[in-house]
Amino acid sequence: MATRVRPGSKRCAVIGGSGFLGRHLVEKLLDRGYSVSLFDIRQSYELPGVTFHQGDLCDKQALLSALKDVSLVFHCASPAPSSDDRLLFERVNIQGTQTVIQACLDAGVQKLVLTSSASVVFEGTDVKNGKEDLPYAKKPIDYYTQTKIEQEKLVLEACNKPKGFLTVAIRPHGIFGPRDPQLVPTLVDAARRGKMKFIIGDGTNLVDFTYVENVVHGHILAAEHLRADSPICGKPYHITNDEPIRFWDFMSEVLVGLGYAAPRFHLPYTLVYGLALLLWLLTWILHPFMSFKPTFTPMRVALAGTYHYYSCERAKEHLGYKPVVSLKEGIARTVASYPHLRRGA
Ligand SMILES: NC(=O)C1=CN([C@@H]2O[C@H](COP(=O)(O)OP(=O)(O)OC[C@H]3O[C@@H](n4cnc5c(N)ncnc54)[C@H](O)[C@@H]3O)[C@@H](O)[C@H]2O)C=CC1
Ligand SMILES: CC(C)=CCC[C@@H](C)[C@H]1CC[C@H]2C3=C(CC[C@]12C)[C@@]1(C)CCC(=O)C[C@@H]1CC3
């Protein structure tokens with residue numbers, strides 16, 4: 001057992017710090033006077049105050065060198081949801097998270113903050129103002145979500161006050177902002193291929209989209225409130241913009257901001273979902289002979305056509321959380337950050 005790192009030390013580690021959320025988190029931690037040990041399977045940038053450790057989080061020895069003298073760990077690494085690779089998700093999100101917990105214990109880390117996801121309770125049907133006491137999805141919509149559930153359970157169950165090891169999970173939803181490699185690029189790609197003409201369903205379904213700086217703020221508040229006497233130990237927290245918006249209004253604002261037309265024509269939800277299922281089945285049957293990744297997967301249609309927004313009251317009460325960037329401002333900053341994705345660029 002390693003000696004405990006001095007409590008209050010401002011040295012922390014960010015596992016997954018080369019990614020979209022991870023990099024924003026690292027930048028804010030540096031602003032707040034932390035020094036950062038960044039652990040990731042790939043390096044995407046360099047910054048003063050950051051020591052980069054390249055490695056796979058399933059490798060405990062590699063992790064241990066990154067966790068030396070660290071008292072606080074943020075774990076925000078995951079394979080991309082679009083990879084849809086069951087074995088990879090199980091290896092990284094489940095076995096890898098067990099390895100992260102064991103490495104934290106061996107290294108004398110005192111606090112572990114996990115980036116989970118609000119999708120852990122989403123089954124493809126409406127969730128309106130969902131609170132943290134909703135049960136985990138019995139039928140998760142994909143392998144990514146299934147392994148995020150197991151990962152969250154592992155981290156929260158590892159919280160052990162007598163051992164001095166405290167854990168908490170942040171559940172963001174629909175993170176967007178500058179440098180996001182998923183949401184805006186997928187949307188623009190669909191628009192450029194003429195696939196953004198249609199609204200699935202009546203277009204009134206409300207969804208949470210959360211500006212990345214608010215997600216970062218929630219993580220740092222959780223880390224700084226995580227003490228043996230606080231109610232947050234071993235609990236999950238939704239972090240949202242607290243401004244649910246119609247899914248299709250959000251898509252339209254981003255598209256119009258980048259010079260593309262907003263979708264206008266309505267298609268019935270059940271029809272599109274049924275077609276997506278059929279396409280998924282065909283892709284599955286034909287996968288030994290050809291590889292094809294459809295834009296319309298049943299999971300994406302469910303995300304685009306149902307309500308899924310969550311209450312962040314618990315975070316407000318226990319963490320003093322309040323979004324620091326409004327949705328309007330977040331969309332404006334995001335649109336301005338993608339000049340290369342503008343129509344005609
Ligand atoms: N982007 C979103 O809308 C949402 C994301 N989340 C969660 O937030 C976290 C961060 O997501 P993003 O920044 O969007 O993803 P991202 O793909 O940009 O970042 C993930 C990072 O993890 C690293 N990574 C993957 N496998 C690894 C391994 N075996 N060992 C070491 N590093 C590894 C990647 O290299 C990447 O830098 C993830 O846990 C994700 O599940 C949760 C809810 C919504
Ligand atoms: C709130 C939340 C969980 C957002 C997640 C982000 C992505 C799942 C979306 C980002 C771009 C979206 C998108 C579609 C589905 C959901 C996204 C991938 C469509 C494929 C839905 C069907 C269409 O008409 C085209 C859309 C392109 C963009």
Side-chain angles (χ1 to χ4, degrees), residues 13-27 37-45 50 52-63 65-67 73-83 85 87-100 103 112-122 140-152 154-155 169-187 207-216 218-219 236-241 247 250 299-300 303 308-310 330 334:
V14 179
I15 303 173
S18 292
F20 163 50
L21 172 65
R23 180 168 175 184
H24 281 276
L25 177 60
V26 168
E27 288 170 351
S37 172
L38 189 166
F39 185 89
D40 202 296
I41 206 157
R42 65 185 174 110
Q43 179 163 19
S44 61
Y45 61 97
V50 178
F52 179 75
H53 298 262
Q54 186 159 13
D56 186 330
L57 61 82
C58 301
D59 174 353
K60 193 168 90 172
Q61 289 313 314
L63 274 172
S65 63
L67 301 189
V73 171
F74 295 93
H75 174 10
C76 55
S78 169
S82 54
S83 73
D85 180 337
L87 293 178
L88 179 68
F89 287 130
E90 286 175 354
R91 192 180 72 80
V92 177
N93 287 350
I94 304 180
Q95 286 108 13
T97 298
Q98 283 167 328
T99 309
V100 167
L112 172 61
V113 180
L114 171 73
T115 315
S116 179
S117 168
S119 308
V120 296
V121 300
F122 183 64
I141 52 171
D142 53 15
Y143 300 129
Y144 164 77
T145 313
Q146 191 178 326
T147 57
K148 291 297 283 183
I149 294 175
E150 295 311 316
Q151 177 191 53
E152 185 184 281
L154 285 169
V155 169
I170 296 300
R171 291 179 178 174
H173 194 56
I175 312 176
F176 73 101
R179 301 193 296 249
D180 158 42
Q182 286 281 326
L183 200 154
V184 177
T186 309
L187 187 58
V207 168
D208 278 318
F209 286 97
T210 313
Y211 189 65
V212 63
E213 285 189 24
N214 294 325
V215 179
V216 164
H219 279 71
Y237 287 85
H238 292 153
I239 291 294
T240 72
N241 243 80
F247 180 91
F250 181 87
M299 188 266 284
R300 284 180 166 191
L303 286 170
H308 37 108
Y309 66 95
Y310 299 85
T334 305

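What you see is a predicted model, and the numbers here were worked out from it, not measured in a lab. First listed ligand is number 1; within each ligand, the first listed atom is number 1.
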request  = Under 4.0 Å from a heavy atom of Ser117: give me the atoms of ligand 1 that qualify, with their elements.
outcome  = 42 (C), 43 (C)
query = Would you call Pro81 a ligand 1 contact, heavy-atom distance under 4.0 Å?
reply = no
remark   = Among Thr145, Asp40, Leu25, Asp208, the residue with a heavy atom nearest to atom 34 (C) of ligand 1 is Asp40
Distance filter under 4.0 Å to Ile41 heavy atoms, resulting ligand 1 atoms = 28 (C), 29 (N), 30 (N), 31 (C), 32 (N), 33 (C), 35 (O)
note = Among Cys76, Gly19, Gly22, closest by heavy atom to atom 11 (O) of ligand 1 is Cys76
ask   = Are any of the N/O atoms in Ile175 less than 3.5 Å from those in ligand 1?
value = yes
Pair Phe209 + Phe250: ring centers closer than 6.0 Å = yes
task = Mark up the atoms of ligand 1 that fall under 4.0 Å of a heavy atom belonging to Thr115, in ascending order.
result = 7 (C), 8 (O), 9 (C), 39 (O)
key: Which segment of Ala77 sits under 4.0 Å of ligand 1 when only heavy atoms are counted   = both
query = Just distances here: any N/O of Val92 and N/O of ligand 1 closer than 3.5 Å?
reply = no
Without placing hydrogens or testing angles, list every side-chain donor-acceptor pair under 3.5 Å for residues 17-24, not counting sequence neighbours.
unit_1, atom_1, unit_2, atom_2, d
Ser18, OG, Arg42, O, 2.6
Arg23, NE, Glu27, OE2, 3.2
His24, NE2, Pro178, O, 3.0

message = Using a 4.0 Å cutoff against the non-hydrogen atoms of Lys148, which atoms of ligand 1 qualify?
response = 38 (C), 39 (O), 40 (C), 41 (O)
query = Could an N or O of ligand 1 be found under 3.5 Å from any N or O of Ala80, whether backbone or side chain?
reply = no
query = How does Ser119 reach ligand 1, by side chain, by backbone, by both or by neither, if only non-hydrogen atoms under 4.0 Å count?
reply = neither
ask   = Looking at side-chain heavy atoms only, is the closest gap between Leu63 and Val100 below 4.5 Å?
value = yes
note = salt bridge (charged side-chain N to carboxylate O under 4.0 Å, His left out) filter on Asp56, not counting sequence neighbours, yields Arg91
message = I'd like to know whether Phe39 forms a side chain to side chain contact (heavy atoms under 4.5 Å, CB included) with Val73, so could you lay out the CA-CA distance, the side-chain angles of the two residues, the decisive distance to 0.1 Å, and finally the verdict.
response = CA-CA 10 Å; Phe39 185 89; Val73 171; over 6 Å; no
Numbered atoms and elements of ligand 1 in range of Ser18, under 4.0 angstrom, heavy atoms = 37 (O)
query = Does ligand 1 have an atom under 4.0 Å from some heavy atom of Pro172?
reply = yes
Distance filter under 4.0 Å to Gly55 heavy atoms, resulting ligand 1 atoms = 30 (N), 31 (C)
key: Under 3.5 Å donor-acceptor, Asp40 side chain and Gln43 backbone   = no
Exam field: side chain Asn93 to backbone Lys148, donor-acceptor pair closer than 3.5 Å = no
inquiry  = Checking the side chain of Thr210 only, and the main-chain atoms of His173 only, is there a donor and an acceptor separated by less than 3.5 Å?
reply    = yes
ask   = Does Ala66 offer a backbone N or O that forms a donor-acceptor pair with the side chain of Ser37 under 3.5 Å?
value = yes
request  = Quickly, which of Val212, Asp208, Ile239, Leu183 forms a side chain to side chain contact (heavy atoms under 4.5 Å, CB included) with Ile175? Name it, please.
outcome  = Val212
request  = Return the option from Phe74, Phe176, Phe89, Tyr144 holding the heavy atom at the smallest distance from atom 41 (O) of ligand 1.
outcome  = Tyr144
key: Arg42-ligand 1 polar pair, N/O distance under 3.5 Å   = yes
Any N/O pair Phe39/ligand 1 closer than 3.5 Å = no
ask   = Between the side chain of His308 and the main-chain N/O of Leu303, is any donor-acceptor distance below 3.5 Å?
value = yes
inquiry  = Just to verify, which of Glu152, Glu150, Gln151 counts as forming a side chain to side chain contact (heavy atoms under 4.5 Å, CB included) with Thr97?
reply    = Gln151
key: Atoms of ligand 1 close to Asp56 [distance to a heavy atom under 4.0 angstrom, numbered from 1]   = 28 (C), 29 (N), 30 (N)
